[in-house]
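Just below is one structure, and these are the notes that go with it.
Since we're looking at a predicted model, the values are computed, not measured.
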Amino acid sequence: MSDPKFTDLFVIGGGINGCGIARDAAGRGLSVTLAEQGDLAQATSSSSTKLFHGGLRYLEYFEFRLVREALREREVLLRAMPHISWPMRFVLPWDPEMRFDSDTPTSRILSLALPWMKGRRPAWLIRLGLFLYDHLGARKLLPGTATLDLRNSPEGAPLREGFRRGWEYSDGWVEDSRLVALNARDAADRGATILTRTKVVEAQPVTGGWRIETEDPQGHRRTHHARLVVNAAGPWVSDVLSDRLGQQATAHGVRLVRGSHVVVRRLFDHDKAYFLQGQDGRIIFAIPYQEDFTLIGTTEAPHPDPDQRPVCTEAEQDYLLGFANRYFRRQLSAEDVVWTYSGVRPLYEDGASSATAATREYVLALEENDGAPMLNVFGGKITTYRRLAEQALARIATVLDVPRGDWTAGVPLAGGDFLVGGVDRLVQDLCADHPFLTGAWAKRLVRAYGTEARQILEGAQSAADLGRDFGATLTEREVLWLMEREFALTAEDVLWRRGKLGLRVTAAQAADLQIWMDARLRGQEPAAAE
C-alpha cells in the first residue's frame, strides 16, 4: 500500500518523547503519523521510577538549569493529570557517620575545603541542597522542606536504630505508561494517526521530504510520505539514524544505562517515600506502590545493546535489597520480591566517567538534508517531556510552517479535568452512583481514568452489567475501553502498561484475557466464561 499524500510529521517512537511531540504537533494543526515498533511505552517509558521530580541529586553536579526546568514542570504536569500523578513527600534520613564514595563536583569542593570530613555529607550541606530545591522552581502547589525527629515519628518507625534526624521534601508520582497512552490518545483525538506494532523498515529523502516504509506484524508493508521525520526512538535513536534513515553518524549519541527495580510487600504504613543515600555515592528510592507494595530502585548499569531485553539481574536485586536493609528494620531477602522490572535509559552521551555522573539533559538535533529535514531526540527525562516537545516544535518551526504556538501548559489530559487533591471526592461520587463498587475498585478506576471513569461505568447497576470479570476488578467494559481508545492489543498491554493489575491476576486469568482479546480482534464473539 502507498499513501502519496505528505503528512507534516512522521514520528518514529511511541515512548513519552514521541507521543508528547505528536500530541503537541497535532494540537498546533500539523498532520502527524506516529509509528511504534511495539506497544506504546513498551520500553523505557514504562520502566522508570515513576517520578515527576526535579532531581535532587543533580544539584551535586551543578545541573541547575535542568533541575530548575524540571521543578517548574512538576506543578504544570500535576495540574494537567491529577488522576495519574499526585504530590508525594520524600523522607531523607541522615546518618552523620556514613561515608560516601563520591566524585561529584560538590564532593570534590568539600574535600578541598573541609578535608577532615573524609567523605561525609554534613547536615548543613544537605539542608542547603533542600533549600535550593525548594526555591529554584517557583514552587506554589507543593509544600516545602520540613525537619523530622526520626526517633518519635511515623517516618522513623520503619527505620533501624541510629537514625535520629532527617528531612522531608516534595516531589511527584506519575503512572508513566499511562502518561504515554494518554498523550497518544490526545494526539489521536486531535487528528494524529497512531500506528503501534509498526516497524519503520527504511526511510529515504525524496522531493518534498521523506518516503517511509513500514511493516506490521503480519509482514504487510506500507509506504508513507512526510515533510519531516522525528527520530524519537529512545534507546534505538542511533540505530534508527544509521540503519533506517541511512544517515551518517553525528556528533551526538546516547549512553544506554539499565535501571532495575524490585517490588516487595508493603514495607511501611504511611504514604511517604524514602530517599536513601548509599556509601557508594548513589541513591535509591523506596516508594509506596499500588496500595499494597513498596517499589525499590534504581540501579545504573551499562547496557550496550538496545535489542537485548533488559532484566533485573540477581546481582542488581541483591544490591537493591542490601541497600534497603541498611536503612529499614524489616530485613528483606529474595523471597520477599514479588516482581522486578528493568528498563534502558538513553542518556545523552556527554563523556561522563560513569552512568551516575552522565547528564540528564536532552539534545534536539535538526538536520535539514536538502529539503528532507529530520529531528533527532537524544536523552531526556520523563519530567521534562512536555518542555522537550515544545522545544522540538520550536526547532521544527524553523523549517515548516507551524500554524499555532505553545499550547500544552495547563491543558489536561483525558480524565484530568479536576483539581489536584480531588480524587477522594471523585471516588465518593462514583461509589454513590454505583453502590456495587468497593472503595478500592472505585479508587483504582479514578486513578486510571479520572473523570472518564463515569463513562466506563455508564448505566451499570451491578458488576454483571460490566460484562465478563477477568479478575482483580478488571471487567469486559474496561478492557473494551482500553482496546478502542488506548491502543491496547494484548493482555500484557492491559495488565502491565495500561495499569499494573498483572500484580494481582493469576496466570490463568491473564491467559483467559488474551484469548478473549484475540477473539475480539478477529471480530468474533468471545466464548462465554466457564
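The pair R386-E390 meets the salt-bridge criterion, since a charged nitrogen lies less than 4.0 angstrom from a carboxylate oxygen. Between D406 and R28 there is a salt bridge, with a side-chain nitrogen of the basic residue lying less than 4.0 Å from a carboxylate oxygen of the acidic one. Between K272 and E168 a salt bridge is recorded (basic side-chain N to carboxylate O distance below 4.0 Å). Salt bridge annotation for R197-D493: present, with a cationic side-chain nitrogen under 4.0 angstrom from a carboxylate oxygen. Using a 4.0 Å cut-off between charged side-chain N and carboxylate O, R164 and D95 make no salt bridge. Using a cutoff of 4.0 Å between basic side-chain nitrogens and carboxylate oxygens, R497 and D39 are scored as salt-bridged. Using a 4.0 Å cut-off between charged nitrogen and carboxylate oxygen, E291 and R266 do not count as a salt-bridge pair. By the 4.0 Å N-to-carboxylate-O rule, D171 lies close enough to R74 to be salt-bridged with it. Under a 4.0 Å N-O distance rule, the pair R57/E300 qualifies as a salt bridge. With salt bridges taken as basic N to acidic carboxylate O contacts below 4.0 Å, none links R477 and D465. Under a 4.0 Å N-O distance rule, the pair R178/E486 qualifies as a salt bridge. Using a cutoff of 4.0 Å between basic side-chain nitrogens and carboxylate oxygens, K50 and E175 are not scored as salt-bridged. Between R444 and E478, at least one side-chain nitrogen of the basic residue sits less than 4.0 Å from a carboxylate oxygen of the acidic one, meeting the salt-bridge criterion.
Ring geometry for W173 against W86 counts as tilted: the plane angle lies between 30° and 60°, on a 0 to 90° scale. Taking the six-membered ring for Trp and thresholds of 30 and 60 degrees, Y327 and F323 have nearly parallel ring planes, at less than 30 degrees apart. Between W339 and Y289, the ring-plane angle classifies as parallel under the 30° and 60° cut-offs.
Partner of F90 under the ring pair (Phe, Tyr, Trp, His ring centres under 6.0 Å) criterion, chosen from Y169, Y274, F275: Y169.
At least one side-chain heavy atom of V494 sits under 4.5 Å from a side-chain heavy atom of M517.
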